[in-house]
Colleague: 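First, the structure itself, so that you have it in front of you.
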Amino acid sequence: MERIDAKALAAKIKAEAAQQAARLREAGIVPKLSVILVGADPASEVYVRGKERDCAECGIESELLRLPAETSEAQLLAEIARRNADPAVHGILVQLPLPPQIREQRVIEAISPEKDVDGFTPVNVGRLLVGEDCFLPCTPAGCLALLKAAGTPIAGKRAVVLGRSNIVGKPMALLLLRENATVTICHSKTEHLSELTRQADILVAAIGRDRFVTAEMVKEGATVIDVGINRGPDGKLHGDVDEAALAGKAGKITPVPGGVGLMTRAMLMVNTLRAAQRAQEAQKEK
């Protein structure tokens with residue numbers, strides 16, 4: 001079983017991003033990502049620090065706005081509006097999850113589609129659905145890049161996506177469909193789950209359940225993309241897939257940690273630079 005090298009691919013993407021950022025800076029455009037963090041969720045703190053490091057590596061200016069956990073929805077929306085109106089800000093990212101008094105969807109909808117580097121706004125989701133140019137959600141885009149880098153055939157192949165979240169499952173299915181795969185989405189109400197997953201040439205697991213996918217659920221030689229990251233009873237980080245059990249069964253697999261998460265962050269850099277490029281093109285048209 002081959003482990004797909006996400007670390008090398010993420011490094012390559014970030015190196016290319018750094019070159020593009022340098023070209024933009026030469027043209028007078030300083031790419032800028034604004035991250036808003038509400039509260040002090042430990043996992044969110046880790047993600048935000050990683051994003052700051054990525055921005056520094058890629059020559060992207062990063063701004064982090066920390067707001068207290070008791071921040072109101074109106075206060076957060078006001079901060080988003082300020083960044084929507086600021087031409088120096090090219091990408092806006094509100095770190096999820098949010099405190100219970102703030103409606104997540106309302107916040108997502110408030111971000112300008114042209115600065116929606118997470119690809120979560122209804123406008124970008126709709127563009128993805130109908131096949132128009134848009135900001136792709138970072139995790140599914142990273143998964144697709146891993147499949148292509150691994151040389152896994154997609155067109156005409158059967159793909160199964162475990163999970164139907166708006167962040168990963170649904171857009172992942174759309175991206176695979178766009179690549180001409182035959183796609184099945186499975187979820188908590190799916191019957192005869194193992195029968196379906198065993199048909200998959202490509203299996204994407206994104207359900208957030210520690211080592212849920214076992215060898216009996218996987219087709220011989222399948223490519224398995226493990227999106228999950230869970231802390232198991234042993235205190236260690238594991239994916240949604242029992243990687244050890246799949247040895248000799250799966251053809252290729254992404255590791256956890258050090259797999260899809262690295263690609264998610266790399267694709268955020270790509271989206272931020274695309275947003276800056278679009279802003280530069282919009283300025284030229286004026």
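This structure is a prediction, so every number in the text was calculated from the model and none was measured.
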Colleague: Would you find more than 12 non-hydrogen atoms of other residues, nucleotides or ligands less than 6.0 Å from K51 atom NZ?
Modeller: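 Result for NZ/K51: enclosed.
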
Colleague: Roughly how far, to the nearest 0.5 Å, is the OG1 atom of T190 from the CD atom of E195?
Modeller: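 One finds 12.0 Å between CD of E195 and OG1 of T190.
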
Colleague: What are the two closest heavy atoms between G151 and K252, and how far apart are they?
Modeller: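 Looking at all heavy atoms of both residues, the shortest contact is C-NZ, 4.1 Å.
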
Colleague: Closer than 3.5 angstrom, by distance alone: can the side chain of N271 be matched with the main-chain N or O of G91 as a donor-acceptor pair?
Modeller: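 Flag not set: sc N271 to bb G91 has no pair under 3.5 Å.
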
Colleague: Count I, L, V, M, F, W, Y as connected when their side-chain heavy atoms are under 4.5 Å apart, and connections chain through other members. Are L174 and I185 then in the same cluster?
Modeller: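 Different clusters: L174 never reaches I185 through Ile, Leu, Val, Met, Phe, Trp or Tyr contacts under 4.5 Å.
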
Colleague: Does a donor on one side chain sit under 3.5 Å from an acceptor on the other, for H238 and D242?
Modeller: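 No, D242 and H238 have no side-chain donor paired with an acceptor closer than 3.5 Å.
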
Colleague: Backbone N or O of F120 within a donor-acceptor pair of the D118 side chain at under 3.5 Å?
Modeller: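 No, because the side chain of D118 does not come within donor-acceptor range (under 3.5 Å) of the backbone of F120.
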
Colleague: Are M269 and I13 close enough, and set up right, to give a side-chain contact (heavy atoms from CB on, under 4.5 Å), and what steps lead you there?
Modeller: CA-CA 9 Å; M269 300 298 101; I13 290 171; over 6 Å; no

Colleague: Which pair of heavy atoms, one from V117 and one from A275, lies closest together, and at what distance?
Modeller: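 So the two residues come closest at CG1-CB, 4.3 Å.
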
Colleague: Q19: what forms a side chain to side chain donor-acceptor pair (under 3.5 Å) with it, not counting sequence neighbours?
Modeller: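 Side chain to side chain donor-acceptor pair (under 3.5 Å) list for Q19, sorted by chain: empty.
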
Colleague: When you compare the side chain of P99 with that of I102, does any pair of heavy atoms fall below 4.5 Å?
Modeller: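 When only atoms from C-beta onward are counted, P99 and I102 do touch, with a gap below 4.5 Å.
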
Colleague: For G239 and N230, work out which heavy atoms get closest and say how close.
Modeller: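 So the two residues come closest at O-ND2, 3.2 Å.
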
Colleague: So, do Q105 and E109 sit near enough that their side-chain heavy atoms are less than 4.5 Å apart?
Modeller: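 Sidechains of E109 and Q105: in contact.
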
Colleague: Please determine whether the number of non-hydrogen atoms from other residues, nucleotides or ligands lying under 6.0 Å from atom CD of E191 exceeds 12.
Modeller: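 At most 12 heavy atoms, drawn from other residues, nucleotides or ligands, come within 6.0 Å of this atom.
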
Colleague: Would a 4.5 Å heavy-atom cut-off, applied to side chains only, mark R3 and T254 as touching?
Modeller: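 R3 vs T254: side chains apart.
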
Colleague: Going only through I, L, V, M, F, W and Y residues with side-chain contacts under 4.5 Å, is there a path from M267 to I111?
Modeller: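 Result: yes, single cluster for both.
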
Colleague: Any carboxylate oxygen within less than 4.0 angstrom of a Lys/Arg side-chain nitrogen, looking at R53 and E57?
Modeller: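 Not counted as a salt bridge, because no side-chain N and carboxylate O are separated by less than 4.0 Å.
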
Colleague: Under 4.5 Å between side-chain heavy atoms, counting indirect links through other Ile/Leu/Val/Met/Phe/Trp/Tyr residues: same cluster for L93 and I60 or not?
Modeller: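 Linked within one cluster.
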
Colleague: Is it possible for you to say whether V89 and L67 belong to one hydrophobic cluster, with membership spreading through side-chain heavy-atom contacts below 4.5 Å?
Modeller: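 They do share one cluster, since a chain of ILVMFWY contacts under 4.5 Å joins V89 to L67.
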
Colleague: Scan residues 173-182 for pairs that pass side-chain hydrogen bond (donor to acceptor under 3.5 Å, both in side chains), counting only residues two or more places apart or in two chains.
Modeller: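 Non-adjacent pairs meeting side-chain hydrogen bond (donor to acceptor under 3.5 Å, both in side chains): K148-E179.
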
Colleague: If only atom types and distance count, is the side chain of D234 paired as donor or acceptor with the main-chain N or O of K236 below 3.5 Å?
Modeller: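 Side chain of D234 to backbone of K236, a donor-acceptor pair under 3.5 Å: yes, one is there.
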
Colleague: What closest approach, in Å, do L9 and A145 show between heavy atoms, and which atom pair accounts for it?
Modeller: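 It is CD2-O, 3.6 Å.
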
Colleague: Could you check whether any side-chain heavy atom of V204 comes within less than 4.5 Å of a side-chain heavy atom of V160, counting everything from C-beta outward?
Modeller: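 V204 vs V160: side chains apart.
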
Colleague: Taking the side chain as every heavy atom from C-beta outward, state whether R158 and I202 have any pair of such atoms under 4.5 Å apart.
Modeller: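 The answer is no; the side chains never approach within 4.5 Å.
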
Colleague: Apply side-chain contact (heavy atoms from CB on, under 4.5 Å) to I108 and V94, showing your working.
Modeller: CA-CA 8 Å; I108 290 171; V94 178; over 6 Å; no

Colleague: Start with the C-alpha distance between L268 and D54, add both sets of side-chain angles, then the distance that settles side-chain contact (heavy atoms from CB on, under 4.5 Å), and finish with yes or no.
Modeller: CA-CA 9 Å; L268 175 64; D54 291 336; over 6 Å; no

Colleague: First locate atom CG of L77, then atom CG of N84, and finally report the distance between them rounded to the nearest 0.5 Å.
Modeller: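 Reported value, rounded in 0.5 Å steps: 10.0 Å.
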
Colleague: Quick one: are E73 and L98 in side-chain contact, heavy atoms under 4.5 Å?
Modeller: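 The answer is no; the side chains never approach within 4.5 Å.
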
Colleague: Please table the atom pairs, donor to acceptor, closer than 3.5 Å between any side-chain atom in residues 24-48 and protein atoms at least two apart or in another chain.
Modeller:
from: R25; atom 1: NE; to: G59; atom 2: O; distance (Å): 3.0
from: R25; atom 1: NH2; to: G59; atom 2: O; distance (Å): 3.1
from: S34; atom 1: OG; to: E63; atom 2: OE1; distance (Å): 2.4
from: S34; atom 1: OG; to: R83; atom 2: NE; distance (Å): 2.9
from: D41; atom 1: OD2; to: A43; atom 2: N; distance (Å): 3.3
from: D41; atom 1: OD2; to: S44; atom 2: N; distance (Å): 3.0
from: D41; atom 1: OD2; to: S44; atom 2: OG; distance (Å): 3.1
from: E45; atom 1: OE1; to: R66; atom 2: NH1; distance (Å): 3.1
from: E45; atom 1: OE1; to: R66; atom 2: NH2; distance (Å): 3.1
from: E45; atom 1: OE2; to: R66; atom 2: NH1; distance (Å): 2.9

Colleague: Which salt bridge (Lys or Arg N to Asp or Glu O under 4.0 Å) pairs, counting each pair once, include a residue from residues 206-233, with sequence neighbours left out?
Modeller: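 The answer is D201-K219.
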
Colleague: Rounded at 0.5 Å granularity, tell me how far CD in E2 sits from OG1 in T223.
Modeller: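 Those atoms lie 8.5 Å apart.
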
Colleague: Look at the side chain of Q101 and the backbone N and O of A69, then say whether any donor-acceptor pair between them is shorter than 3.5 Å.
Modeller: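 Here the side-chain-to-backbone pair exists.
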
Colleague: Could you walk me through whether L203 and V241 pass the side-chain contact (heavy atoms from CB on, under 4.5 Å) check?
Modeller: CA-CA 10 Å; L203 179 62; V241 178; 5.9 Å; no

Colleague: About how many Å separate CG of L273 and SG of C58, when rounded to the nearest 0.5 Å?
Modeller: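 Rounded to the nearest 0.5 Å, the SG-CG separation comes to 7.0 Å.
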
Colleague: Mind listing the side-chain donor-acceptor pairs of residues 137-144 below 3.5 Å, one per line with the distance, residues two or more places apart or on another chain?
Modeller:
from: T139; atom 1: OG1; to: T264; atom 2: OG1; distance (Å): 2.8

Colleague: Closer than 3.5 angstrom, by distance alone: can the side chain of S72 be matched with the main-chain N or O of Q75 as a donor-acceptor pair?
Modeller: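 Present.
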
Colleague: Tabulate below the donor-acceptor pairs under 3.5 Å that side-chain atoms of residues 127-136 make, not counting sequence neighbours, or state none.
Modeller:
from: D133; atom 1: OD1; to: R274; atom 2: NH2; distance (Å): 2.7
from: D133; atom 1: OD2; to: R274; atom 2: NH2; distance (Å): 3.1
from: D133; atom 1: OD2; to: R278; atom 2: NH2; distance (Å): 2.7

Colleague: State whether a side-chain donor-acceptor pair under 3.5 Å links T121 with D116.
Modeller: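 Yes, because at least one side-chain N or O of T121 sits under 3.5 Å from a partner of the opposite role on D116.
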
Colleague: How close do S188 and R164 get, heavy atom to heavy atom, and via which atoms?
Modeller: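 Reported closest heavy-atom pair: OG-NH2, 3.9 Å.
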
Colleague: So, taking the atom named NE2 in H90 and the one named OG in S112, what distance separates them when rounded to the nearest 0.5 Å?
Modeller: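 That separation rounds to 12.0 Å.
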
Colleague: Could you tell me if the side chain of L162 sits less than 4.5 Å from the side chain of D240, heavy atoms only?
Modeller: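 No; the side chains remain at least 4.5 Å from each other.
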
Colleague: Nearest 0.5 Å, please: how far is CE in M263 from NZ in K14?
Modeller: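 The NZ atom of K14 sits 10.5 Å away from the CE atom of M263.
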
Colleague: If you compare all heavy atoms of L177 against all heavy atoms of A181, which two are closest, and at what distance to 0.1 Å?
Modeller: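 Shortest heavy-atom separation between L177 and A181 comes out as CD1-O, 3.8 Å.
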
Colleague: Spell out, yes or no, whether I225 and V213 are grouped together once hydrophobic residues are joined by side-chain heavy atoms under 4.5 Å, including indirect joins.
Modeller: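 No, separate clusters.
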
Colleague: Less than 4.5 Å apart, any side-chain heavy atom of L246 and any of M1?
Modeller: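 In short, these two side chains touch, coming nearer than 4.5 Å.
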
